[in-house]
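Shown next, in structure tokens, is the structure this report addresses.
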Amino acid sequence: MSEGLRERKKRQTRERIQATAMRLFVERGFDKVTIAEVAAAAEVSVNTLYNYFEAKEDLVLPPDQASPQRLADIVRERGPADSPARAVLSRLRDELRDRDPKLGLTEGFGAVFEMMRNAPTLTARLEDLGRQMTDALAVLLTEETGAEPDDPEPLVVAGQIGWFHSLVFAEIGRRVTAGRSPDSIATDMLRLLDVVEEQLGARAFTYAVRDAREEHPCSE
């Protein structure tokens, strides 16, 4: 369905608020900019801003873009004969090859990353987000494999996947801060994932392989 006028105006307002906030945060620092200042610069009321973003941190890490369900969703959508680790590895490789902005592979992201790193509430949210992703994935793996609630294997596998997923983002941040280009960073990260695949070994990439006869959940 095509986007209606009302939906388009709401999307444009949301994008304007977020873009304005990011500009101010990068220029002055996250903690030194108030919600009222963001609203005034974006030419909306504070109430309107809160209609789009429930918290100040959401302006930088919107829940729909930084979802605790990211890893679980990738695994849930995997195809037949695919394992959870393989699905996440493949998604990361695709995003790196596409220079996906969600990985920070855009010119100028270094300043954004520095702003985030200097804001304690944002770094805390990022750390919590990583834990939530791993926890949600562990729950899904437990359900899919029929493991007992106290079986540690789903948690360990989810932890391994969460580790290399977080490692990619951490290494991108380190290289962005050093002024490396998106293309060179993507090349480095693809090599890193090759090493991850070699080091984790076959067991990690054969755990919970989806039966090829199983109907793909997204095919309905």
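Since this is a predicted model, take the numbers as computed values, not measurements.
- Residues Ala138 and Pro154 come closest through the heavy atom pair O-CB, 3.9 Å.
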Next item on the list: Give the C-alpha distance, both sets of side-chain angles, the deciding distance and a yes or no for side-chain contact (heavy atoms from CB on, under 4.5 Å) between Thr20 and Leu24.
Entry: CA-CA 6 Å; Thr20 300; Leu24 293 175; 4.2 Å; yes

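- Here Leu96 contributes atom CG and Asp183 contributes atom CG; the two are 11.5 Å apart, rounded to the nearest 0.5 Å.
- Note that CD of Gln69 is 8.5 Å distant from CG of Leu140, once rounded to the nearest 0.5 Å.
- Arg131 and Asp128 are joined by a salt bridge, as a carboxylate oxygen and a charged side-chain nitrogen come within less than 4.0 angstrom of each other.
- The closest donor-acceptor contact from the side chain of Thr123 to the backbone of Pro120 lies under 3.5 Å.
- Side-chain contact check for Arg78 versus Arg86: every heavy-atom pair is 4.5 Å or farther apart.
- Remark: side-chain polar atoms of Ser83 are paired, donor with acceptor, to backbone N or O of Phe205 under 3.5 angstrom.
- By the 4.0 Å N-to-carboxylate-O rule, Glu171 lies too far from Arg180 to be salt-bridged with it.
- Cation-pi geometry between Arg174 and Phe113 is not satisfied (NZ or CZ under 6.0 Å from the ring centre, within 45° of the ring normal).
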Checklist line | Thr142/Asp151 under side-chain contact (heavy atoms from CB on, under 4.5 Å): CA gap, chis, key distance, verdict | finding: CA-CA 8 Å; Thr142 299; Asp151 187 337; over 6 Å; no

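- Smallest separation of non-hydrogen atoms from Leu193 and Leu92: CD1-CB, 3.8 Å.
- No side-chain heavy atom of Val112 sits under 4.5 Å from any side-chain heavy atom of Thr106.
- You'll find the side chain of Pro68 reaches within 4.5 Å of the side chain of Leu129, heavy atoms only.
- Distance check, rounded to the nearest 0.5 Å: CD1 of Ile161 to CG of Leu137 gives 5.0 Å.
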Check: Does the pair Val33 and Glu27 meet the rule for a side-chain contact (heavy atoms from CB on, under 4.5 Å), with working shown?
Finding: CA-CA 9 Å; Val33 178; Glu27 288 176 355; over 6 Å; no

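- Asp94 and Arg97 are joined by a salt bridge, as a carboxylate oxygen and a charged side-chain nitrogen come within less than 4.0 angstrom of each other.
- Ion pair Arg76/Asp73 flagged as a salt bridge, since at least one NZ, NE, NH1 or NH2 atom sits closer than 4.0 Å to an Asp/Glu carboxylate oxygen.
- Counting only heavy atoms from C-beta outward, the side chains of Thr121 and Lys56 never approach each other to under 4.5 Å.
- Between Arg91 and Glu95 the shortest side-chain heavy-atom distance falls below 4.5 Å.
- Looking only at side-chain heavy atoms (C-beta outward), Leu122 and Glu57 come within less than 4.5 Å of each other.
- Here Arg117 pairs with Glu114 in a salt bridge; the nearest charged N to carboxylate O distance falls below 4.0 Å.
- Identified under the side chain to side chain donor-acceptor pair (under 3.5 Å) test for residues 31-42, with sequence neighbours left out: Arg28-Glu37, Thr34-Glu37.
- Note that CG of Leu59 and CZ of Arg14 are 9.0 Å apart. Values are rounded to the nearest 0.5 Å.
- Residues Gly173 and Thr177 share a closest heavy-atom pair of O-OG1, 2.8 Å.
- Thr48 contributes atom OG1, which lies 12.0 Å from atom CZ of Phe53 (distance to the nearest 0.5 angstrom).
- With contacts defined as side-chain heavy-atom distances shorter than 4.5 Å, the pair Met189/Leu103 does not qualify.
- The shortest side-chain heavy-atom distance between Asp58 and Arg125 falls under the 4.5 Å cut-off.
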Next item on the list: Could you walk me through whether Val44 and Arg16 pass side-chain contact (heavy atoms from CB on, under 4.5 Å), step by step?
Entry: CA-CA 10 Å; Val44 297; Arg16 185 176 74 252; 3.5 Å; yes

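- Gln12 CD: more than 12 foreign heavy atoms inside a 6.0 Å radius.
- To the nearest 0.5 angstrom, Glu77 atom CD is 9.5 Å from Arg210 atom CZ.
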